[in-house]
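First comes the structure, then the notes that go with it.
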Amino acid sequence: MVTAAARKTVQKGKLMDFTSTVIVPLLFGSLGIFALFRLLQWMRMRAYLQEAVVVITGATSGLGKECAKAFHAAGSKLVLCGRDSEKLKELVQELCAVKNHRKNTHEPHPVVFDLSDTKTVVNAAEEILKALGHVDILINNAGISFRGTIVDTGLDVDKKVMETNYFGPIALTKALLPSMIKRRQGHIVAISSVQGKISIPFRSAYAASKHATQAFFDCLRAEVEQYDIEVTVVSPGYIQTNLSLNAVTADGSRYGGQLPKTGLKSQGGMVKVSRAGSAGKGEEPVVIPLTLSSAQSS
Ligand SMILES: NC(=O)C1=CN([C@@H]2O[C@H](COP(=O)(O)OP(=O)(O)OC[C@H]3O[C@@H](n4cnc5c(N)ncnc54)[C@H](OP(=O)(O)O)[C@@H]3O)[C@@H](O)[C@H]2O)C=CC1
Ligand SMILES: CCCCCCCCCCCCCCCC(=O)OCC(=O)COP(=O)(O)O
């Protein structure tokens, strides 16, 4: 006669057998396949970046400079764009001074132009294609910030921000696009902002330029997918760079206040963006109603 205790022991044994013969191998097998997949992805990316022609606008500062360091270290052939030839020269020297014994690195090619002058942008695109033949990755990074009330801001200031943050980057993209389409290869990146999705007070021109950027590059993505060209819009939150210092104000002058430290605080249906050290021009912390532009337009 089999007792209940003996039956329980047999059942427990079967469960342990099932765990050790089926579940554990399945778990470790899946983890192994996933790790192998990620490793292959990483190796493919490394191989792609090595020798890839990468154009970075706004390479002399902040995000652009950090991208330049990363792509240079990865062995990419860099085209560094900026307005200031001296700053670009210094950056080229700084990058070339970094010793990398594991990677074959290339001396970056500086190209000087002002994004707010579309004629120089088109000439710059020609110069890039002449010097390097093609572009694999275009990073539309350069930009300026704006701080001011709508009522006090002249249209010339709105236009300046729009030309730098929107018309310049799209002019460069349009000028390089035919060559990417011809090769059926390329990756276009637009550095937008959270403000390309959410509008906050006293940043009208900046938020408008970033919303336009988001829309343009979303359209572009849908149009060029057929040519195997990728389009990425990056929407960062606050990063401490020179962007705030160089912001244009309502009268077109440079903001030049102290670098802000930003924090977000929820306040009963509103979000308070506190910016310690940014009160230079009588600016109050910004309180944002929690409405998104997509919700407003529907
Ligand atoms: N910092 C942040 O918190 C965030 C930044 N971003 C976006 O990231 C991008 C980079 O900003 P970030 O690195 O912070 O800012 P920085 O001010 O540090 O760098 C901006 C770069 O853009 C260049 N630039 C500005 N105006 C022009 C122009 N007319 N023609 C050519 N180049 C120009 C500047 O060149 P020069 O040295 O000649 O002035 C500089 O190299 C911008 O598009 C910005 O909107 C998005 C979200 C958050
Ligand atoms: C529960 C949902 C919470 C939703 C919170 C929404 C809060 C929106 C906050 C907006 C953050 C804006 C981030 C902006 C990123 C950016 O572009 O930063 C650079 C600038 O704005 C320009 O610098 P400046 O210092 O001149 O403003």
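Counting convention: from 1, in listed order, for ligands and their atoms alike. When reading the values below, keep in mind they use all heavy atoms of this one structure, side chains included, and skip hydrogens, waters and symmetry mates.
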Check whether any N or O atom of [X], backbone or side chain, sits under 3.5 Å from an N or O atom of ligand 1, and answer yes or no.
X      : value
Ile239 : yes
Gly58  : yes
Asp84  : no
Leu115 : yes
Thr60  : yes

Among [options], which residue places a heavy atom closest to [atom]?
atom                    : options                     : answer
atom 28 (C) of ligand 1 : Lys65, Lys160, Glu66, Arg83 : Arg83
atom 15 (O) of ligand 1 : Leu243, Leu88, Val194       : Leu243
atom 14 (O) of ligand 1 : Thr120, Thr241, Thr57       : Thr241
atom 9 (C) of ligand 1  : Asn141, Leu245, Thr213      : Asn141

At under 4.0 Å between heavy atoms, is it the side chain or the backbone of [X] that contacts ligand 1, or both, or neither?
X      : result
Asp114 : both
Lys87  : side chain
Ser192 : backbone
Lys210 : side chain
Phe113 : backbone

Does a salt bridge link [X] with [Y], judged by any charged N lying under 4.0 Å from a carboxylate O?
X      : Y      : result
Asp218 : Arg221 : yes
Lys89  : Glu86  : yes
Asp136 : Arg183 : yes
Glu90  : Lys87  : no

Return the minimal non-hydrogen interatomic distance between [X] and [Y], and the atom names on each side.
X      : Y      : value
Pro108 : Cys96  : CD-SG, 3.9 Å
Asp114 : Val121 : O-CG2, 3.9 Å
Asp158 : Ala205 : OD1-CB, 3.6 Å

* Please assess Leu95 against Phe71 for the test side-chain contact (heavy atoms from CB on, under 4.5 Å), listing each intermediate value before the final yes or no. => CA-CA 10 Å; Leu95 293 178; Phe71 281 99; over 6 Å; no
Where does [X] meet ligand 2, judged by heavy-atom distances below 4.0 Å: at the side chain, the backbone, both, or neither?
X      : value
Tyr206 : side chain
Ser244 : both
Arg203 : side chain

* To do: Considering only non-hydrogen protein atoms, determine which one is nearest to atom 20 (C) of ligand 1 and report residue, atom name and distance to 0.1 Å.
  =>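 For atom 20 (C) of ligand 1, the nearest protein heavy atom comes out as Gly143 O, 3.7 Å.
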Out of all atoms in ligand 1, which are within 4.0 Å of some heavy atom of [X]? Include the element for each.
X      : value
Gly62  : 13 (O), 18 (O)
Leu63  : 8 (O), 13 (O)
Tyr238 : 3 (O)
Ile144 : 25 (C), 26 (N)
Thr164 : 26 (N), 27 (C), 28 (C), 29 (N)
Ala142 : 22 (O), 23 (C), 24 (N), 32 (N), 33 (C), 43 (O)
Ser193 : 46 (C), 47 (C)

* Would you give the length of the straight line joining atom CD1 of Ile198 to atom NE2 of His211, rounded to the nearest 0.5 angstrom? => 8.0 Å
* Asked: Out of curiosity, Thr164 OG1 to Lys159 NZ, how far, rounded to the nearest 0.5 Å?
  -> 13.5 Å
* Min heavy-atom dist Ser235 to ligand 1 below 4.0 Å -> no
* Asked: Among side-chain atoms of Asn140 and Thr173, is any donor-acceptor pair under 3.5 angstrom?
  ->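 Judged by distance alone, the side chains do pair up.
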* Scan side-chain atoms only and decide if Gln41 and Arg44 contain a donor-acceptor pair under the 3.5 Å cut-off. =>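 No pair is found: no donor N or O on one side chain lies under 3.5 Å from an acceptor on the other.
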As an exercise, identify every atom of ligand 2 less than 4.0 angstrom from a heavy atom of [X].
X      : result
Ser193 : 14 (C), 15 (C), 16 (C), 17 (O)
Pro236 : 15 (C)
Gly237 : 15 (C)
Leu243 : 19 (C), 22 (C)

